[in-house]
Number of protein chains: 2
Amino acid sequence: MSDEAPWLDESEMATWLAFIGVVMRLPGTLEVQLRRDADLNHFEYSVLVFLEHAEGGTLRMSDLAFLCNGSLSRLSHVARRLENDGLIERFACPDDGRSTLARLTDAGRERLVKAAPGHVRLVRELVFDELDPDEMRQMGEFAKRILARIQA
Amino acid sequence: MSDEAPWLDESEMATWLAFIGVVMRLPGTLEVQLRRDADLNHFEYSVLVFLEHAEGGTLRMSDLAFLCNGSLSRLSHVARRLENDGLIERFACPDDGRSTLARLTDAGRERLVKAAPGHVRLVRELVFDELDPDEMRQMGEFAKRILARIQA
DNA sequence: CCTGCTTCATTGAACCTTCAACCAACCTAG
DNA sequence: CTAGGTTGGTTGAAGGTTCAATGAAGCAGG
């Protein structure tokens, strides 16, 4: 299959623990703000954000799920809740009878306005304020390369 | 309160999307392997790993929860399942009547042996093989600094 | 045009996490 | 020594995610 993968040495382990620490704790930290300001979790917030910025204001469910880093099943459950709450609408895609398109409602846009400023502020506090421009560039590059591997 | 937090510019947004993409997708990716090889999720795996390496083979529930990046309540539920499955034991702390100590059983150690090699291999494939030593050092430093902010 | 494969999406059940309530043990000021 | 506060841990219920099953719509070959 593959060569013996050597165990992580002390320095690698320290890096990994910090890395996985960020991965595990960041979502919960972000959700405290989103829940408080707009009663949303991070996935729901992503759904609203991507719909807001979408070409034509709509996205197919499966494209939206990919953008939000979640499964289509997860999105389907979440979309039902968001639709029941009047934050989004769904309707059949005219071009492809299998697809469903989602669109933000005015109420959804309002909800986003409640969430976004605090969210951006928090993201800055936690990440961007800690890195200078050069470090930020590096960090982005690392993340893109690792993400590419995860998606492969 | 605080100054106007400027919106993320295009480059910052690209960095953030890659970063949050890793944060959201990595746990699921790791859990596919852990579930397949040892029928564990990542949190359960962490519990076993930290108990394995603990001084004296035991840890207090609350210390273990912190190390595993989870809440005490979450650990309490997980520990009950792991204990029912015979992978860990719990017993009263002799020094402090409020505390509970957890310890790995032989079955737990065996389970860990099933999970660990594939886990380490996957972590290497996804992260460390993508970064050269200098980049890895940087990455670890960034993660530590961001984690410090999250924990503050 | 019909058969089988693939894609898109939804659903219910099982499972896991969170949240709030609760309890016991410890600590400390008066 | 004891009343009130804090720390450590567990629990049940509510809510969210995953997994597998289902079904409709499109597509491609015979």
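The sequence lines fix the lettering, A, B, ..., with proteins before strands; numbering per chain opens at 1.
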Query raised in the report: What orientation do A:His119 and A:His42 show, parallel under 30°, tilted 30 to 60°, or perpendicular over 60°?
Result: tilted

Query raised in the report: Counting only side-chain N and O atoms of A:Ser62, is one of them less than 4.0 Å from OP1 or OP2 of C:dA9?
Result: yes

Report task. Between B:Ala79 and A:Gly70, just flag the one whose closest nucleotide in DNA chain D comes earlier from the 5' side. Result -> B:Ala79

Requested in this report: Rounded off to whole Å, could you give me the CG-to-P distance for the A:Asn84 and C:dT10 pair?
Outcome: 12 Å

Query raised in the report: A:Thr100 near the nucleic acid: base, sugar-phosphate alone, or nothing, with a heavy-atom cut-off under 4.0 Å?
Result: sugar-phosphate

Requested in this report: Could you tell me whether A:Arg109 and A:Glu52 make a salt bridge, using a distance below 4.0 angstrom between a side-chain N and a carboxylate O?
Outcome: yes

Report task. Evaluate the salt bridge (Lys or Arg N to Asp or Glu O under 4.0 Å) criterion for residues A:Arg145 and B:Glu135: first the C-alpha distance (whole Å), next the side-chain angles of each, then the deciding distance (0.1 Å), finally the verdict. Result -> CA-CA 12 Å; A:Arg145 285 159 55 192; B:Glu135 291 174 332; 3.0 Å; yes

Query raised in the report: Do A:His77 and D:dG15 have a side chain to base donor-acceptor pair shorter than 3.5 Å?
Result: no

Report summary line: Looking only at D:dG16, C:dT6, C:dT18, the nucleotide nearest the A:Glu44 side chain is D:dG16

Report task. May I ask you to establish whether A:Arg25 and B:Phe66 are in a cation-pi arrangement, using a distance under 6.0 Å from NZ or CZ to the six-membered ring centre and at most 45° from the ring axis? Result -> yes

Requested in this report: From the options D:dT6, D:dG9, C:dC16, select the nucleotide whose nearest atom is closest to the side chain of B:Arg35.
Outcome: C:dC16

Report summary line: note: A:Asp96, atom CG; D:dA24, atom C1'; distance rounded to Å ~ 11 Å

Query raised in the report: What nucleic acid atoms does A:Ser73 come within less than 4.0 Å of, heavy atoms only: base, sugar-phosphate, or nothing?
Result: base

Requested in this report: Consider the side chain of A:Asn41, meaning its heavy atoms from C-beta on, and name the nucleotide among C:dA25, D:dT11, D:dT17 that approaches it most closely.
Outcome: D:dT17

Query raised in the report: Does the side chain of A:Arg103 come within less than 4.5 Å of A:Arg90's, by heavy atoms?
Result: no

**Report entry** d(CZ, B:Arg80; P, D:dG9) in whole Å
**Finding:** 16 Å

Query raised in the report: For A:Arg98 and A:Val78, take the nucleotide of DNA chain D holding the closest heavy atom to each; which residue's nucleotide lies nearer the 5' end?
Result: A:Val78

Report task. Quickly work out the B:Asp95 CG to D:dT7 C1' distance and round it to whole Å. Result -> 16 Å

Requested in this report: Let me know the distance between CZ of A:Arg81 and P of C:dT11, rounded to the nearest Å.
Outcome: 13 Å

Query raised in the report: Looking at A:Arg74, does any N or O in its side chain come under 4.0 Å of the phosphate oxygens OP1/OP2 on D:dG15?
Result: no

Report task. Please state how far atom CG in B:Leu75 lies from atom P in C:dT18, giving the value in whole angstrom units. Result -> 12 Å

Query raised in the report: Please give, in whole Å, the distance from D:dG9 P to B:Ile88 CD1?
Result: 12 Å

Query raised in the report: Within the structure shown, what part of the strands sits under 4.0 Å from B:Ser76 by heavy-atom distance: base, sugar-phosphate, or nothing?
Result: base

Query raised in the report: Once you round it to whole Å, what is the distance between P of D:dG15 and CG of A:Leu82?
Result: 15 Å

Query raised in the report: Which of the following nucleotides, D:dT17, C:dA9, D:dG9, is nearest to the side chain of B:Arg60?
Result: D:dG9

